[in-house]
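Both backbone and side-chain heavy atoms feed into the values below; hydrogens, waters and symmetry mates do not.
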Amino acid sequence: MATTKPYAPPRVRIVHSTRGRRLFGGGTSGNEQLTAATAVILLVLFGVLGITIVALTRLLWLHLFLGVLLVGPVALKLGSTGYRFMRYYTGNSAYRRKGPPHPAMRLLGPFVVLSTLAVFFTGLLLLIAGPGASMALRDLHKLSFIAWIMAVGLHVLGHLMELPASLRAVSHQERRRHRLPGSQGRALAVIAALAGGLLLALAFLPLIDAWSAAGLFNPRYFHP
């Protein structure tokens with residue numbers, strides 16, 4: 001007598017989207033990697049910017065060009081760190097487990113953000129105003145730069161020891177097993193930030209040329 005097997009419903013294979021994971025995955029480790037990678041780029045560009053300040057009269061064009069180009073990476077850095085804070089303070093479990101930054105860094109954070117916005121905003125206003133910009137605007141940019149360099153200097157010192165560990169947020173052994181999700185998205189974010197800053201700097205080239213042609217302190221632009 002033939003026996004019949006009990007009916008079993010067909011197995012439904014659930015296919016998870018890998019595209020979304022490649023672009024947006026990674027969680028707290030991905031956010032940490034993006035922040036660290038952007039920080040390295042900013043350290044290099046800020047180092048070059050510091051060289052232009054030493055010889056500002058001769059390298060004014062490069063100082064202005066880099067200042068505008070930096071808008072993109074700086075915006076990405078503020079976005080990645082701001083996202084971590086938002087997720088932590090809105091109660092996301094993964095970010096709560098990771099914990100908040102050091103109390104000193106949390107206290108310093110608002111000063112870094114405000115001084116960064118001030119120095120770039122006044123710098124762009126100076127560039128738009130042209131060589132005839134008022135001394136008040138020039139002084140405001142100088143004061144915001146002093147405040148910014150102090151706040152960022154303390155910020156960098158506070159995180160300098162953490163940077164290598166952040167870049168190795170996923171251990172070598174884990175990376176051999178599986179690549180951290182979201183790597184493509186983070187790479188695209190960095191490229192987009194640099195490309196956006198570069199396009200903005202190219203758009204400002206006529207204003208940069210005007211400043212370079214006039215010189216930093218051309219007497220004919222100042223009136224008694």
Side-chain angles (χ1 to χ4, degrees), residues 24 26-54 63 66-126 136-171 180 182 185-186 189-190 192-194 196-197 200:
F24 306 109
T28 59
S29 295
N31 177 265
E32 189 176 7
Q33 283 187 348
L34 176 60
T35 302
T38 311
V40 170
I41 293 172
L42 287 175
L43 283 175
V44 173
L45 293 177
F46 283 147
V48 178
L49 193 68
I51 295 173
T52 67
I53 294 173
V54 175
H63 177 82
L66 283 176
V68 181
L69 187 150
L70 276 162
V71 169
V74 165
L76 180 60
K77 178 66 161 56
L78 292 176
S80 65
T81 54
Y83 180 81
R84 176 187 174 183
F85 274 91
M86 180 194 71
R87 298 291 280 173
Y88 176 82
Y89 286 109
T90 53
N92 180 269
S93 58
Y95 283 87
R96 297 293 291 186
R97 285 194 302 271
K98 186 175 181 63
H102 190 276
M105 295 295 101
R106 278 187 286 170
L107 184 63
L108 185 62
F111 295 99
V112 173
V113 172
L114 291 176
S115 61
T116 299
L117 294 176
V119 74
F120 279 93
F121 183 69
T122 56
L124 290 175
L125 284 181
L126 266 178
L137 184 56
R138 293 171 184 252
D139 290 340
L140 189 60
H141 182 62
K142 291 177 184 177
L143 290 174
S144 62
F145 174 77
I146 293 171
W148 174 79
I149 202 69
M150 292 174 62
V152 170
L154 292 173
H155 177 80
V156 170
L157 287 176
H159 287 289
L160 202 55
M161 299 302 294
E162 301 175 0
L163 191 56
S166 296
L167 289 172
R168 299 189 301 268
V170 179
S171 68
L180 185 66
R186 288 188 292 277
V190 172
L194 289 170
L200 188 62

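Put simply, CD1 on Ile51 and CG on Leu66 are 10.0 Å apart, with the number rounded to the nearest 0.5 Å. Note that CG of Leu107 is 10.5 Å distant from CG of Leu154, once rounded to the nearest 0.5 Å. Rounded to the nearest 0.5 Å, atoms CG (Leu108) and CE (Met150) are 10.5 Å apart. Taken from OG1 in Thr35 to CG in Leu76, the straight-line distance is 8.0 Å, to the nearest 0.5 Å. Separation of atoms CD (Gln33) and OG1 (Thr28) is listed at 10.0 Å; rounding is to 0.5 Å. Rounded to the nearest 0.5 angstrom, Arg84 CZ and Lys98 NZ are separated by 5.5 Å.
Heavy atoms only, all atoms of each residue included: Pro73 and Leu42 are closest at CB-CD2, 3.5 Å. Nearest heavy atom pair, residue Lys77 against residue Ala39, reads CE-CB, 4.0 Å. Across every non-hydrogen atom of Thr90 and Met86, the tightest pair is OG1-O, 2.6 Å. Gly67 and Leu49 get closest at one heavy-atom pair: N-CD1, 4.2 Å. When all heavy atoms of Phe46 and Leu70 are compared, the pair lying nearest together is CE2-CD1, 3.5 Å. For the pair Gly27 and Tyr95, the tightest heavy-atom approach, listed with the atom from each and the gap, is O-OH, 3.6 Å.
Partners of Ser144 according to the side chain to side chain donor-acceptor pair (under 3.5 Å) rule, which considers only residues two or more places apart in sequence or in another chain, are Thr122. Every residue two or more places apart in sequence or in another chain was checked for a ring-ring contact (aromatic ring centres under 6.0 Å, His included) with Phe120, and none qualifies. Residues passing the side chain to side chain donor-acceptor pair (under 3.5 Å) test with Tyr89, sequence neighbours excluded: none.
Inter-residue side-chain proximity for Leu140 and Leu126 is flagged as unmet; no heavy-atom pair is nearer than 4.5 Å. Residues Arg106 and Phe85 are in side-chain contact: their nearest non-hydrogen atoms beyond the backbone lie under 4.5 Å apart.
Side chain of Asn31 to main chain of Thr81: no donor-acceptor pair is present (N/O by atom type, distance under 3.5 Å, no hydrogens or angles).
With a 6.0 Å radius and a threshold of 12 heavy atoms from other residues, nucleotides or ligands, Tyr88 has its OH atom above the threshold.
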